[in-house]
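Here's the structure, in structure tokens; my notes come after.
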Amino acid sequence: MAKPAVPGPLLTARRVAEIQPFEVMDVLSRAQALEAQGRRVIHMEIGEPDFTAPGPVVEAGVRALRDGTTAYTATLGLPALREAIAKHYQEKFKTSVHPDRVAVTAGASGGLLTAAALYVDPGDEVLVPDPGYPGYRHFVRAFEGVARAIPVGAAENFQPKLDMVRAAWGARTKGLILGSPSNPTGTLIDTAELHRIATYIAEKGGVLLVDEIYQGLVYGEEPRFSPYTALGLPGEVVIVNSFSKYFCMTGWRLGWVVLPPRAVRAFEKLGQHLFISAPTAAQHAAVAAFSHDSTSILEARRREFERRRDFLVPELRKAGLSVPAEPGGAFYVYADCGRDSKAFARGLLESEGVAATPGVDFGANQTQRYVRFAYTRSMADIEEAARGIARFCR
């Protein structure tokens with residue numbers, strides 16, 4: 001007797017069905033297939049530093065493992081790490097924040113997800129810039145909210161303006177998420193404009209969530225951008241940061257959130273259920289990330305990223321690509337290729353062995369014309385990639 005057919009997986013939730021696959025992962029898969037065939041590929045598609053954690057961080061992590069200090073921590077994190085983060089704000093930004101407002105999370109993604117759970121109810125609208133980091137809209141959708149895109153372009157430095165926020169704000173709008181420096185554009189929001197936006201959102205009783213995970217990677221001396229944190233802005237402001245980018249600790253899965261005092265207990269209760277606590281050995285290691293020896297290493301790496309940016313941007317322009325907004329931070333160049341970005345990325349990979357991310361991963365606002373290049377390779381690799389891009393564009 002034939003067995004009854006086994007039903008397929010019950011992935012019927014609309015919020016799951018609406019998730020679009022990342023084009024960058026298709027690029028990565030094809031790049032890896034080419035490498036398996038013996039082809040050389042320069043990976044400029046993945047937003048991950050080519051540097052690893054500084055030596056003092058690694059040593060602190062190893063010491064924690066050897067000492068057996070690997071049990072769960074409190075959900076909000078190790079007191080020593082929360083204190084180190086608060087001290088970091090005081091020393092670098094002259095901004096006072098009590099350690100009790102700091103929550104250590106399982107990566108910045110864990111922080112963003114928990115913040116979305118805290119503030120988003122079914123049907124709530126949250127404004128997000130387009131182009132922008134795709135996780136923002138998916139975190140909102142995960143809690144049955146609606147991510148409402150604000151189209152931003154080169155004229156606005158790919159950052160929202162107050163008049164845009166005001167025009168998009170509706171009866172169900174709960175808040176705004178933005179990144180500065182931004183992924184994929186590397187641009188920063190003007191601090192005066194951000195203050196105006198925060199003031200407006202405070203008047204509306206909403207929440208402003210500022211993603212500062214690339215905060216340490218800011219270049220140049222423009223005083224309105226650097227050094228700067230959105231802490232201290234008026235209203236309900238939540239700051240998300242990470243040890244992944246500036247601190248070069250991507251796989252350690254560690255981030256932090258700075259919360260309004262009244263939101264800390266609710267965030268803690270959600271965290272207890274969503275991730276219990278961040279990785280313990282990583283937390284012990286991260287305390288050492290703020291040491292003088294670590295920051296000296298990290299600042300040298302920041303200068304190296306700046307050197308790569310200063311080389312790559314003019315090379316892309318010489319190749320015929322447009323970079324309409326100068327990237328002031330992070331490690332990305334968002335370039336207009338003047339054609340279908342998916343076809344451009346596929347062709348560039350097949351022809352020259354240079355992997356880049358099609359802009360369609362980052363929204364719908366003219367993103368089909370753009371590609372994102374991550375300058376997270378050695379200068380020698382970037383120089384080689386620039387020659388290949390120029391050949392391909394010819």
Side-chain angles (χ1 to χ4, degrees), residues 49 51 53-57 60 76-105 107-108 111 178-183 186-192 194-195 198 208-234 237-250 252 254-261 278 282-307 309 327-331:
F51 303 110
V57 173
L76 293 178
L78 282 175
L81 182 54
R82 298 170 73 192
E83 290 166 8
I85 292 168
K87 184 179 179 183
H88 167 71
Y89 282 104
Q90 182 63 53
E91 292 181 346
K92 187 166 185 177
F93 304 103
K94 305 297 185 270
T95 300
S96 179
V97 57
H98 197 282
D100 287 352
R101 293 177 56 195
V102 177
V104 180
T105 58
L178 63 84
S180 181
S182 164
N183 178 11
T187 61
L188 293 89
I189 190 167
D190 181 272
T191 56
L194 183 57
H195 191 281
L208 172 63
L209 196 155
V210 184
D211 175 357
E212 295 185 344
I213 73 169
Y214 298 97
Q215 178 191 62
L217 297 172
V218 175
Y219 315 118
E221 300 299 329
E222 184 110 28
R224 64 195 176 119
F225 289 143
S226 175
Y228 182 77
T229 174
L231 275 177
L233 289 176
V237 178
V238 176
I239 307 297
V240 177
N241 212 316
S242 173
F243 288 94
S244 290
K245 310 301 183 179
Y246 174 73
F247 296 95
C248 304
M249 296 173 63
T250 51
W252 300 71
L254 204 63
W256 76 83
V257 179
V258 183
L259 296 151
Q283 292 190 60
H284 284 286
V287 175
F290 298 103
S291 70
H292 174 75
D293 289 346
S294 291
T295 54
S296 296
I297 294 167
L298 295 169
E299 278 301 292
R301 293 173 176 180
R302 183 187 65 83
R303 291 190 292 271
E304 173 61 15
F305 279 128
E306 184 173 16
R307 187 170 78 99
R309 179 203 66 161
F331 36 59

| task | Compare every heavy atom of Leu254 with every heavy atom of Ala282, then report the nearest pair and how far apart it is. | result | O-CD2, 3.4 Å
| message | Side chains of Ile297 and Phe51, heavy atoms from C-beta outward: is any pair under 4.5 Å? | response | no
| request: Quick one: closest heavy-atom pair of Pro49 and Cys248, and the distance? | output: CB-SG, 4.1 Å
| Quick one: do Glu304 and Arg307 make a salt bridge, cutoff under 4.0 Å? | yes
| query | Say you draw a straight line from OG of Ser180 to OH of Tyr214; how long is it, rounded to the nearest 0.5 Å? | reply | 12.5 Å
| Can you check side-chain contact (heavy atoms from CB on, under 4.5 Å) on Phe305 and Lys245, steps first, answer last? | CA-CA 11 Å; Phe305 279 128; Lys245 310 301 183 179; over 6 Å; no
| task | Would you check if the side chain of Ser294 reaches a backbone N or O of Ser291 as a donor-acceptor pair within less than 3.5 Å? | result | no
| request: Give a yes or no on whether the backbone of Phe93 and the side-chain of Thr95 come within a donor-acceptor separation of less than 3.5 Å. | output: yes
| Nearest-0.5 Å distance that lies between atom CG in Leu208 and atom CD1 in Ile239 | 7.0 Å
| Closest non-hydrogen atom pair, Ala230 against Val237 | O-CG1, 4.1 Å
| message | Do Leu178 and Val210 have side chains that approach each other closer than 4.5 Å (heavy atoms only, starting at C-beta)? | response | yes
| task | Calculate, to the nearest 0.5 Å, the distance between atoms OG1 and CZ belonging to Thr295 and Phe247 respectively. | result | 9.0 Å
| task | With rounding to the nearest 0.5 Å, note down the distance linking CG in Leu78 to CD in Gln283. | result | 4.5 Å
| query | Any side-chain heavy atom of Glu91 within less than 4.5 Å of one from Phe290? | reply | no
| message | Just so I know, are the side chains of Pro54 and Leu298 near enough to count as touching, which here means a heavy-atom distance under 4.5 Å? | response | yes
| remark: Looking only at heavy atoms, the pair that brings Ala103 and Leu259 closest together is CB-CD1, 4.2 Å
| request: For Glu299 and Arg302, run salt bridge (charged side-chain N to carboxylate O under 4.0 Å, His left out): C-alpha distance rounded to whole Å, both residues' side-chain angles, the deciding distance at 0.1 Å, then the answer. | output: CA-CA 5 Å; Glu299 278 301 292; Arg302 183 187 65 83; 2.9 Å; yes
| Of all heavy-atom pairs between His98 and Ala86, which one has the smallest distance, and what is that distance? | C-CB, 4.4 Å
| query | CZ of Phe243 to CD1 of Ile213: how many Å apart, nearest 0.5 Å? | reply | 13.0 Å
| remark: Arg82 and Val104 have their tightest heavy-atom pair at CG-CG2, 3.9 Å
| request: Verify, without hydrogens or angle tests, whether Asn241 (side chain) and Trp256 (backbone) share a donor-acceptor contact under 3.5 angstrom. | output: no
| Worked check of side-chain contact (heavy atoms from CB on, under 4.5 Å) between Arg309 and Leu217 | CA-CA 11 Å; Arg309 179 203 66 161; Leu217 297 172; over 6 Å; no
| request: Answer yes or no: is there a side-chain heavy-atom contact under 4.5 Å between Ile85 and Pro99? | output: no
| request: Using a 4.5 Å cut-off on heavy atoms from C-beta on, say whether the side chain of Leu188 contacts that of Tyr228. | output: no
| field | Close side-chain approach of Pro234 and His195, heavy atoms under 4.5 Å | value | yes
| query | Stepwise, does the side-chain contact (heavy atoms from CB on, under 4.5 Å) test hold for Tyr89 with Val102? | reply | CA-CA 11 Å; Tyr89 282 104; Val102 177; 5.6 Å; no
